[in-house]
Every structure is written in C-alpha cells, then in structure tokens.
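Note sheet for the following structure.
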Amino acid sequence: MFSWEFAADPYPAYAWLREHAPVHRTRLPSGVEAWLVTRYADARQALADQRLSKNPAHHDEPAHAKGKTGIPGERKADLMTHLLNIDPPDHTRLRRLVSKAFTPRRVAEFAPRVQELTDQLIDRFAERGSADLIHEFAFPLPIYAICDLLGVPREDQDDFRDWAGMMIRHGGGPRGGVARSVKKMRGYLAELIHKKREALPPAPTPGEDLISGLIRASDHGEHLTENEAAAMAFILLFAGFETTVNLIGNGTYALLTHPGQRRRLAESLARRETDLLATGVEELLRYDGPVELATWRFATEPLTIGGQDIAPGDPVLVVLAAADRDPERFADPDVLDLGRRDNQHLGYGHGIHYCLGAPLARLEGQTALATLLTRLPDLRLAVDPAELRWRGGLIMRGLRTLPVEFTPTA
C-alpha cells in the first residue's frame with residue numbers, strides 16, 4: 001500500500017481489505033500506525049462514533065506535534081481551533097456559529113459568480129485546442145471562488161493561489177514549504193479579519209462576504225474570536241479548495257474514460273435537463289471521490305469496530321474510497337452509473353463532521369463539468385491514461401495533471 005502503483009488504482013487493494021481484513025492496522029509512510037476501516041457499515045458507524053475524537057491531543061504519541069498527523073504547520077500557526085480538530089461541545093458551538101454565516105442561501109446566490117469564473121478560465125485556453133485541466137481549470141476555479149466568497153480582495157488572490165499550490169504538492173515542493181505557506185496564509189487572514197472587523201457596518205449589506213459573516217455571527221451574544229475566525233477561514237480555504245480540485249479533475253477523467261456515460265450526460269445537458277447532472281456528480285463522488293481517507297480520529301476509550309478491538313489513543317482512518325465501493329452497500333460498485341439513485345455515499349463524510357462546504361463543492365463541480373462538456377464537446381485525453389500520475393498524500397485523491405485536446409473555439 002501507498003506505493004505509486006497503489007495511488008494509480010487503490011481499489012483492488014481496498015477490495016481485498018474489505019473481504020479479508022476490514023479493520024486493519026498498518027504503518028503509514030510517516031511511520032505512524034493507524035487502523036484502516038474499509039467496509040461501508042463499519043465506516044458509517046466510525047464516522048458517527050463520538051468515542052473517536054477529532055482532537056489530536058488524544059493520540060497515544062505526540063506525532064501531531066511533529067506534523068505527522070493533520071495539516072503541516074497548523075499548530076505553529078495557531079490554527080488548530082477549526083472544525084476538523086475539535087469535538088463537542090466546542091465543535092457544536094463553532095459549527096452553529098459558522099453555519100449562520102455559511103448558509104445554503106449564500107451558496108445559491110454565489111452561483112452566477114461560479115459560472116462567470118468557469119467561463120473566464122475556459123476562455124483562456126479555448127482558442128488553443130489543448131490544456132492541462134488541473135493547473136488551468138480545476139485548481140484555479142475553487143481558489144478564486146472561495147477567495148471571492150470569503151471576501152479576499154482580487155489583488156491578493158494570486159498570493160492565495162501560490163500558497164494553495166504549495167499546500168497541495170504533498171512533498172513535491174521545497175522542504176517545509178507547506179508549513180511556510182500555512183504561516184503566510186495565517187498572517188494574512190489575521191490582518192484581513194482585523195480590518196474587516198474594524199470596518200464592519202452595523203447591519204449586513206446585500207452580498208456581504210463570508211469573513212464579515214463569520215465576524216457578525218453570534219449565538220446568545222457569543223461571537224467567534226479572531227483566532228477562531230482565522231482558523232475557520234483557513235480550513236474553508238484548505239479543505240474547500242482541494243476537495244473541489246479533485247472532484248473536477250477526477251470527475252472529468254472518469255467521464256473521459258467512460259464515453260457512454262459522458263455521452264449520456266452531454267445529451268441530457270443539450271436538452272437543458274439537470275437531474276442527470278445532479279445524480280452524476282454524486283456518482284462521481286462515490287466512484288472516485290476527492291477524499292480517499294477521512295481525516296484523523298483518535299480513540300478516547302476502548303471500543304470495537306468490525307469485530308476488532310481498538311485501544312485508547314489509537315488513530316483510526318476511515319477509508320471512504322473503500323467504503324463507497326462496498327458491494328454489500330452498492331450494486332455493481334465498480335461500475336460508473338451517472339443515474340444511480342440509491343447513492344448514500346460517504347464522499348463528504350457522515351455525522352456531526354459532515355462537510356460544511358459540500359453545497360459549494362457540488363455547485364462548483366456541477367458548473368465546471370456541465371460547462372466543459374457543453375463548450376468543448378469533443379474534449380479528449382491528450383495522453384494514454386497509463387501516463388497520468390496521481391498526487392501522493394494520505395487523505396486526498398487527485399491527479400497531478402490532466403492534459404486534454406479539443407477543437408479550438410473562438
């Protein structure tokens with residue numbers, strides 16, 4: 001496991017684990033030992049089990065302090081107090097406050113801007129007849145979108161793109177580059193939040209940005225501190241953009257390598273239907289989703305998962321990619337079926353830590369895929385699939401590049 005060959009297609013190994021060792025202790029490339037949970041029923045149970053803490057302080061060794069669990073540099077940058085690292089009651093309070101700012105209505109109102117960004121990015125390469133859809137499309141779209149939503153000024157957004165690019169290299173950049181980027185982002189967010197707090201008008205204005213909404217959010221008079229607001233803005237950026245990069249990249253690749261399903265979706269879009277696009281994005285999340293393993297959990301007391309005893313302090317990693325291909329839960333799980341209806345996948349988690357940004361990611365994924373297929377109808381891979389390389393890393397699953405060709409358009 002965790003070789004480059006495994007990264008290209010982990011699903012046969014996950015099938016073996018589901019059948020023979022569904023809760024399996026393994027040594028990760030970092031040296032940390034953790035339990036891998038691969039069956040759907042066990043995964044769903046583990047994701048909702050509050051005896052599995054998100055707080056790395058419950059780890060039985062101080063690996064988190066050495067950057068071996070969690071996001072490199074987040075501890076030194078004082079960014080630990082976000083939703084991926086805390087438990088109730090702090091999690092309950094923070095999620096309730098953030099949910100008041102990050103509403104479905106706010107996301108829905110953002111749809112025209114996502115469409116505008118999508119078209120602008122395609123315009124940059126449409127006349128050329130070729131592109132790398134990761135670097136020129138799937139990566140910049142969610143970065144610029146989340147920056148706009150948060151209220152990062154346009155003149156600063158390229159800095160965020162550079163920091164974000166370093167953060168998803170997963171070891172491909174200079175040593176310590178991720179931690180330095182996290183520190184720079186933290187410093188910028190702290191300054192931006194302070195400026196917005198100073199200039200915040202008494203009442204919300206139409207189209208108010210998300211950081212202003214986070215500052216304004218309160219519950220019985222209790223507000224987010226500036227540290228909490230910075231940590232929340234950071235995790236919305238970090239967790240929000242990389243999952244969407246991979247949703248668009250993996251989803252486009254799946255469609256290009258399944259021409260029947262791609263044609264089915266294109267014909268549906270030509271008829272201005274939306275049902276197949278909606279179910280299709282859910283199926284792409286299940287079939288080859290952007291998050292391979294759920295983020296770290298640590299047992300706070302003895303418990304049993306799938307018949308396996310877990311000791312206090314043990315790390316547990318739920319393998320979403322394995323659970324979402326479990327034949328005990330999904331009919332023909334290795335088949336891509338964009339019209340699949342019974343599709344309660346775990347691509348965005350389950351329980352109290354269900355992804356807060358899922359509606360935004362779905363909006364971006366649907367907009368990106370629909371616009372690509374509509375504007376570039378003969379889109380095709382420019383290389384043999386065997387030449388594509390997947391990024392290393394434990395949690396996320398995504399392509400390094402996705403070279404494509406198409407008929408140039410004016």
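Between D378 and R380 there is a salt bridge, since at least one side-chain N of the basic residue sits less than 4.0 Å from a carboxylate O of the acidic one. Ionic pairing of E242 and R391 is present here: one or more N-O contacts between side-chain nitrogen and carboxylate oxygen are shorter than 4.0 angstrom. A salt bridge does not link R262 with E267: every distance from a Lys NZ or Arg NE/NH1/NH2 to an Asp or Glu carboxylate oxygen is 4.0 Å or more. Between R18 and E328, none of the side-chain N atoms (NZ, or NE/NH1/NH2) sits under 4.0 Å from a carboxylate O, so this pair counts as no salt bridge. One finds no salt bridge joining R297 and D49 here, because no Lys/Arg side-chain nitrogen approaches an Asp/Glu carboxylate oxygen to under 4.0 Å. K196 and D209 are joined by a salt bridge, as a carboxylate oxygen and a charged side-chain nitrogen come within less than 4.0 angstrom of each other. Looking at D132 and R400, no side-chain N of the basic residue comes within less than 4.0 Å of a carboxylate O on the acidic one, giving no salt bridge.
F160 and Y144 have their aromatic ring centers separated by at least 6.0 angstrom.
Partners of R286 by salt bridge (charged side-chain N to carboxylate O under 4.0 Å, His left out), not counting sequence neighbours, listed by chain and number: E283. Residues forming a salt bridge (charged side-chain N to carboxylate O under 4.0 Å, His left out) with D156 (at least two apart in sequence, or on another chain): none.
A donor-acceptor contact closer than 3.5 angstrom is absent between the side chains of S130 and E405.
Annotation for R271: atom CZ counts as buried by contact number, over 12 foreign heavy atoms lying within 6.0 Å.
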